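Contents: one structure, followed by commentary.
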Amino acid sequence: MSSSVSDTPRHLLVVDDDDRIRELLRAFLRRRGFRVSVAAGAEAARRLLDALDFDLAILDVMMPGEDGLSLVAWLRSQPGRTGRLPVLMLTARGDPEDRIEGLRRGADDYLPKPFEPEELVLRIEAILRRVAESPGAVGPGLSLGPCVFDPSRGELTREGRPVRLTEAEVSLLRRLARDPHQPVERRELIQPDVDPAGRAIDIQVTRLRRKIEADPRSPRYLQTVRGIGYLLAPD
């Protein structure tokens, strides 16, 4: 893989019911230096996830039986590394509503078909960079009422029990935790080449508030700063 992310080949899981697309993706991504395992559907994907460790999953949305949206929702319900696995959705359904639904279910990015293979690689590398990004000097843990966020480990607990976070949510919390009580501009948080309107950030903030706040409609810890962006206000 490109040394811009890691010198060790990253292991990707490609799930697509189309034999031709699945094999083309496997061949192309292997040429780009990735390790690649493939599955034709959700059931086969689960078997691979039970047996192997992956750095990122690429899921097709429209599959017979269980679709990619259900599979990503299942992933996000799992504990540990599996529940935090970054997910890139590939689909012919490229309408904004479909992209938003994919992000709402827990996907990290969404690429409509047809797509340029180079764009796919760039998006994969961008996700992996965010996952590997150093949280900086932000202290051992931030108290958020009954919750504690550990930026160095990317872990959130509520009353001592782990709370599942997606990698995108970890990245967002880490950035906000870097400057607690200080507003972070919205334009710094969004990815203009992927989500120019910033809808993904709004969805991630909404999900995080449900996990952190006693009343997500009246947030105490993850606040909106009108006209600027968001801030994290730990105890």
Side-chain angles (χ1 to χ4, degrees), residues 1-61 63 68 71-91 102-103 105-136 151-155 164-175 191 193-195 200:
M1 168 159 187
S2 169
S3 60
S4 63
V5 175
S6 173
D7 291 330
T8 302
R10 298 301 186 98
H11 194 185
L12 309 182
L13 172 62
V14 175
V15 186
D16 197 307
D17 65 303
D18 187 311
D19 295 345
R20 178 177 171 274
I21 291 176
R22 193 171 61 246
E23 293 308 314
L24 284 173
L25 285 174
R26 171 156 54 184
F28 175 75
L29 292 170
R30 282 180 172 175
R31 288 198 300 271
R32 296 303 301 263
F34 295 98
R35 293 175 58 206
V36 183
S37 296
V38 298
E43 183 178 352
R46 285 195 178 91
R47 289 197 296 268
L48 288 172
L49 287 162
D50 285 340
L52 302 169
D53 287 332
F54 294 94
D55 295 289
L56 182 142
I58 301 169
L59 308 182
D60 184 33
V61 170
M63 296 187 292
L71 182 56
V72 73
W74 174 83
L75 274 170
R76 294 300 174 241
S77 73
Q78 301 305 298
R81 182 181 175 90
T82 299
R84 297 192 302 270
L85 182 68
V87 172
L88 172 62
M89 309 288 296
L90 291 180
T91 179
L103 295 168
R105 297 288 187 101
D108 295 272
D109 199 357
Y110 203 107
L111 184 60
K113 299 175 182 177
F115 56 87
E116 291 293 333
E118 286 298 329
E119 182 179 4
L120 172 62
V121 170
L122 290 172
R123 287 180 183 248
I124 291 170
E125 291 181 341
I127 294 171
L128 293 176
R129 277 196 301 270
R130 293 200 302 271
V131 172
E133 192 175 60
S134 170
S152 64
R153 300 181 63 168
E155 294 179 351
R164 299 185 184 93
L165 297 176
T166 68
E167 291 295 347
E169 290 167 352
V170 171
S171 179
L172 177 58
L173 269 181
R174 279 175 166 168
R175 176 59 194 93
Q191 301 174 68
D193 57 329
V194 174
D195 179 38

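Every value quoted in this text rests on a predicted model; they were computed, and no experiment measured them.
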Hey, are [X] and [Y] close enough for a salt bridge, meaning a charged N less than 4.0 Å from a carboxylate O?
| X | Y | answer |
| --- | --- | --- |
| Glu118 | Arg32 | yes |
| Asp19 | Arg22 | yes |
| Asp109 | Arg123 | yes |
| Arg26 | Asp16 | no |

Counting distance only, does the side-chain N/O of Arg174 pair as donor-acceptor with the main-chain N or O of Pro151 below 3.5 Å?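 Yes; judged by distance alone, with no hydrogens or angles, the pair exists.
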Is the backbone N or O of Trp74 less than 3.5 Å from a side-chain atom of Ser77, with the two atoms forming a donor-acceptor pair by type?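 Checked: pair present.
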Are any non-hydrogen side-chain atoms of [X] and [Y] less than 4.5 angstrom apart?
| X | Y | value |
| --- | --- | --- |
| Phe34 | Leu56 | no |
| Ile58 | Ile124 | yes |
| Leu90 | Leu120 | yes |

Do other residues, nucleotides or ligands put more than 12 heavy atoms under 6.0 Å from Glu23 CD?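 Result for CD/Glu23: enclosed.
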Tell me if the CD atom of Glu116 is crowded by more than 12 foreign heavy atoms within 6.0 Å.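 No, CD of Glu116 has 12 or fewer neighbouring heavy atoms, counting only those of other groups under 6.0 Å.
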For Asp60 and Val15, run side chain to side chain contact (heavy atoms under 4.5 Å, CB included): C-alpha distance rounded to whole Å, both residues' side-chain angles, the deciding distance at 0.1 Å, then the answer. CA-CA 6 Å; Asp60 184 33; Val15 186; over 6 Å; no
As an exercise, state the distance from CZ of Phe115 to OG1 of Thr91, rounded to the nearest 0.5 Å.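 Reported value, rounded in 0.5 Å steps: 11.0 Å.
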Which distance, rounded to the nearest 0.5 Å, do you find between the CZ of Arg35 and the CG of Asp53?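 Interatomic distance, Arg35 CZ to Asp53 CG, rounded to 0.5 Å: 9.0 Å.
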